[in-house]
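Reckoned from all heavy atoms, side chains included, excluding hydrogens, waters and symmetry mates. By convention in this document, chain letters (A, B, ...) are assigned in the order of the sequence lines, proteins followed by strands, and residues within each chain are numbered from 1.
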Amino acid sequence: MSQSRPPVADPTPRVVVPAGTTAGAAVREAGLPGKGADAVVVVRDAEGQLRDLSWTPSADAAVEPVAANTPDGRAVIRHSCAHVLAQAVQQQFPEAKLGIGPPVRDGFYYDFDVERPFTPEDLRALEKRMKQIIKSSQRFSRRVLDSVEAAKAELKDEPFKLELVDLKSDVDTDEVMEVGGGELTVYDNLDPRSGDRIWGDLCRGPHLPTTKHIPAFALTRVAAAYWRGSEQNPQLQRIYGTAWESQEELDAYSERVAEAERRDHRKLGAELDLFSFPDELGSGLPVFHPKGGIIRREMENYSRRRHEESGYDFVNTPHITKGGLFHTSGHLPYYAETMFPPLSFEGEDYYLKAMNCPMHHLIFRSRGRSYRELPLRLFEFGAVYRYEKSGVVHGLTRARGFTMDDSHIYCTQEQAPGELRSLLAFVLDLLSDYGLSDFYLELSTRGDTGKFIGSDEEWAEATETLRQAAVDSGLELVPDPGGAAYYGPKISVQAKDAIGRSWQMSTIQVDFNHPKRFGLQYTAADGSRQQPVVLHRALFGSIERFFGVLTEHYAGAFPAWLAPVQVVGIPIADEHVEHLEQVAKALRERRVRVEVDTSDDRMQKKIRNHTTQKVPFMLLAGGKDVEAGAVSFRFRDGSQINGVPVDRAVELITEWIAGRENTSPSAESVRVEH
RNA sequence: GCCGCCUUAGCUCAGUCGGCCAGAGCGGCUCACUCGUAAUGAGCAGGUCGUCGGUUCGAUUCCGACAGGCGGCUCCA
């Protein structure tokens with residue numbers, strides 16, 4: 001149908017908009033699509049500014065058409081859809097006051113001040129109303145307000161918008177799309193026939209030409225949100241929605257959401273009998289069941305081995321300490337509210353450990369240290385407890401009790417850059433051994449709040465050292481101003497999982513404050529006393545969180561080397577059990593976790609059970625196999641290899657596990673022949 | 001911590017507009033079946049309807065507090 005359209009050779013084709021004509025006309029003239037998923041919805045001018053199709057430059061302007069199915073195009077669709085939502089809300093609830101309504105990842109939201117919170121029924125009614133608005137093809141029309149006074153007069157019934165008008169100089173961000181760019185504009189929704197103004201909103205734009213250009217949307221949930229993101233401000237009711245350039249894309253998005261739900265580690269943790277959160281223990285305190293315990297142990301064991309090989313020393317420290325230690329470190333009183341309240345006895349306040357570093361510093365300080373010992377790398381799987389607010393506790397990824405794979409590296413100033421580089425390489429290498437391979441880095445630097453300790457020079461130097469190490473890694477580096485720890489800047493490694501979600505994994509921090517506070521010293525070659533630099537580093541972040549991330553990454557189908565049960569023998573009939581027990585014995589001798597299913601379920605049922613339990617290798621044996629001294633493989637994906645000689649089967653499974661292969665074995669990937 | 005929603009058997013969920021013995025599927029246990037690649041059949045057990053308090057002749061059902069969960073906000077050394 002669209003075959004006559006010329007192929008797009010230039011990735012960013014330009015269209016020239018003649019002076020005094022609209023961008024839309026030029027786009028049409030150029031033969032670019034006006035409807036469908038690749039419809040041009042706005043253009044980008046020479047300054048990079050997005051403009052409405054109704055934009056009319058006063059001089060000829062070369063612009064870049066922006067299609068609906070691009071990140072910018074989708075943002076415009078979503079933002080316009082937010083306006084439609086707001087119009088629907090004010091039709092249905094005339095007393096509702098408007099907050100802000102920006103596009104966000106995969107969708108949009110709009111905040112409202114209403115007398116009572118929205119209900120799910122409200123959402124359904126609003127969706128219906130929005131569909132009518134979209135169908136009526138209202139035109140989005142931009143209007144420049146003459147002055148701040150004019151704006152205030154127009155917005156006299158919208159207290160939050162008024163506030164934005166007064167704040168406009170410092171709210172020109174992507175989040176607040178209402179105002180910006182030096183002038184105040186309103187987008188009116190006009191009736192396509194009469195041109196009457198139906199609704200309007202303070203907004204910097206740009207917008208779609210008409211509401212009909214919103215091809216597919218859905219309202220997804222309601223929540224409360226603080227006005228302008230501050231706990232001090234009133235809470236508004238936020239409605240979230242999603243909008244896409246086509247119904248197919250909306251469906252695909254819904255499918256991604258459903259897939260994420262299926263992978264939810266909290267759900268899989270129960271289904272696969274890995275861990276639970278007993279109410280009796282309290283919120284955020286997990287227990288690991290035997291199968292979860294195996295995965296956890298394998299994760300830890302491999303990490304332990306790699307750390308041993310890389311020159312780390314293993315230490316152990318207690319879970320509780322007198323409060324003085326955390327005063328020395330500076331954690332108290334800054335972070336008192338995120339630590340559990342103290343236990344008072346014998347005239348002392350004892351705190352549950354919220355971080356391991358102070359205790360490691362004490363180990364460093366326990367005797368005189370020589371430069372010959374540096375870098376000294378102390379490592380511990382250290383359990384910590386943090387009083388996370390009740391509303392943020394979330395499965396294994398945000399728990400109140402968890403285990404950090406924590407290490408502190410004490411080195412000289414000169415050693416720090418090299419140590420950081422090799423540390424980062426080590427971290428990325430180890431993470432990829434667990435099957436995560438898509439990384440980017442975030443550099444968290446000092447902010448201007450009072451929580452950061454230490455001098456400007458020290459911060460600048462530490463930040464630069466970290467930045468350099470990050471740049472040397474060749475990975476994408478995203479700045480995170482104000483995100484540093486109070487004692488120093490940090491790099492965090494963000495990993496993307498199998499369905500493209502990012503998780504913060506490792507953090508690496510440079511710390512020049514703790515050495516000072518703890519009076520850490522070593523004797524240098526010239527006999528002088530020097531202060532070491534401390535590098536803090538958690539690789540998994542926390543074992544629990546990494547466990548949760550891996551569970552979701554693999555959708556519960558753990559690599560064979562991590563799987564709680566690696567092999568299950570399934571006899572066709574009872575008389576074949578003996579044969580499988582022999583195979584199991586051989587595997588068990590090679591430390592393979594193997595079971596033979598002797599239950600009186602039918603063979604088909606056993607296959608189903610162990611498939612849903614995501615066992616990587618199922619070994620079936622019937623008369624033919626017994627006779628041939630063989631077994632038949634069935635894999636998670638349903639593929640099979642029949643009649644594999646027992647010796648070869650044992651060898652093959654052992655090799656697969658020892659190779660720490662992270663993909664699921666299948667008839668295609670497993671090679672029977674040598 | 002804040003806002004909203006939720007909590008019935010091990011799990012997933014019906015149900016009670018306030019009233020005799022609260023149901024189903026899966027799971028568990030028992031028995032029969034011995035089977036060639038995702039659910040064999042029959043039977044049995046299992047619930048103080050999250051906890052505490054209030055209203056009521058009577059509460060699993062209505063109200064409140066608390067705990068736990070879910071979705072957000074805020075926070076995240």
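Within the 4.0 angstrom heavy-atom criterion, no nucleotide atom of any strand lies near A/Lys606. Residue contacts for A/Tyr487: at a heavy-atom cut-off of 4.0 Å it reaches the sugar-phosphate backbone alone, with no base atom in range. A/Ala224 comes within 4.0 angstrom of a nucleotide base, judged by non-hydrogen atoms across all strands. Among the protein residues, A/Gln237 comes within range of the sugar-phosphate backbone only, with heavy atoms under 4.0 Å from sugar or phosphate atoms but none that close to a base. The residue A/Phe326 sits apart from the nucleic acid: no heavy atom pair falls under 4.0 Å.
Aromatic pair A/His408/A/His514: ring centres not closer than 6.0 Å. Centroid-to-centroid, the aromatic rings of A/Tyr110 and A/Phe112 come within less than 6.0 Å. The ring of A/Phe547 has its center closer than 6.0 angstrom to the ring center of A/Phe288.
Using bins of under 30°, 30° to 60° and over 60° for the plane-to-plane angle, the ring pair A/Phe379/A/Phe381 lands in the perpendicular bin. A perpendicular orientation is assigned to the rings of A/His361 and A/His536, their planes being inclined by more than 60° (bins at 30° and 60°).
Atom NE2 of A/His265 and atom C1' of B/C70 are 13 Å apart (whole Å). Whole-Å rounding puts the A/Glu575 CD to B/C35 P distance at 7 Å. One can place CE of A/Met404 at 15 Å from P of B/C76, the figure rounded to the nearest angstrom.
A/Arg398 contributes a side-chain N or O that forms a donor-acceptor pair with the base of B/C75 under 3.5 Å. Side-chain N/O atoms of A/Glu388 and base N/O atoms of B/C76 include no donor-acceptor pair closer than 3.5 Å. Scanning atom types as modelled, no donor and acceptor separated by under 3.5 angstrom connect the side chain of A/Tyr226 and the base of B/G72.
Put simply, A/Tyr387 has a side-chain N or O that comes within less than 4.0 Å of OP1 or OP2 on B/G1. Here A/His394 reaches the OP1 or OP2 of B/G71: one of its side-chain N or O atoms lies under 4.0 Å away. For B/C73, one of the phosphate oxygens OP1 or OP2 lies less than 4.0 angstrom from a side-chain nitrogen or oxygen of A/Tyr240. One finds a side-chain N or O of A/Ser390 lying less than 4.0 angstrom from the OP1 or OP2 phosphate oxygen of B/G1.
A salt bridge between A/Lys490 and A/Asp480 is absent, with no side-chain N of the basic residue lying under 4.0 Å from a carboxylate O of the acidic one. With respect to the salt-bridge test (charged N to carboxylate O, under 4.0 angstrom), the residues A/Glu259 and A/Arg262 qualify.
For B/C66, the paired base is B/G50 (Watson-Crick or G-U wobble, both distances below 3.5 Å). Searching all strands for a Watson-Crick or G-U wobble partner of B/G28 with both distances below 3.5 Å returns B/C44. Applying the Watson-Crick and G-U wobble criteria (two distances, each under 3.5 Å), B/C33 pairs with nothing in any strand. Taking a pair to require two hydrogen-bonding distances under 3.5 Å in either a Watson-Crick or a G-U wobble arrangement, B/G19 pairs with B/C57.
A donor-acceptor pair under 3.5 Å links the side-chain atoms of A/His79 to the main chain of A/Gly101, judged by distance alone.
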Enumerate all atom pairs, one protein N or O and one N or O from nucleotides 37-39 of chain B, separated by less than 3.5 Å.
unit_1: B/U37; atom_1: O3'; unit_2: A/Arg634; atom_2: NH1; d: 3.1
unit_1: B/U37; atom_1: O2'; unit_2: A/Arg634; atom_2: NH1; d: 2.8
unit_1: B/U37; atom_1: O2'; unit_2: A/Gln640; atom_2: NE2; d: 3.2
unit_1: B/U37; atom_1: N3; unit_2: A/Gln640; atom_2: OE1; d: 3.2
unit_1: B/U37; atom_1: O4; unit_2: A/Asn642; atom_2: OD1; d: 2.5
unit_1: B/A38; atom_1: OP2; unit_2: A/Arg634; atom_2: NH1; d: 3.2
unit_1: B/A38; atom_1: N7; unit_2: A/Arg634; atom_2: NH2; d: 3.2
unit_1: B/A39; atom_1: N7; unit_2: A/Arg608; atom_2: NE; d: 3.4
unit_1: B/A39; atom_1: N7; unit_2: A/Arg608; atom_2: NH1; d: 3.1
unit_1: B/A39; atom_1: N6; unit_2: A/Arg608; atom_2: NH2; d: 2.5
unit_1: B/A39; atom_1: N1; unit_2: A/Arg608; atom_2: NH2; d: 3.0

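To the nearest whole angstrom, the two P atoms, one in B/G25 and one in B/C21, are 23 Å apart. Atom name C1', nucleotides B/G50 and B/A45: the rounded distance is 23 Å, in whole Å.
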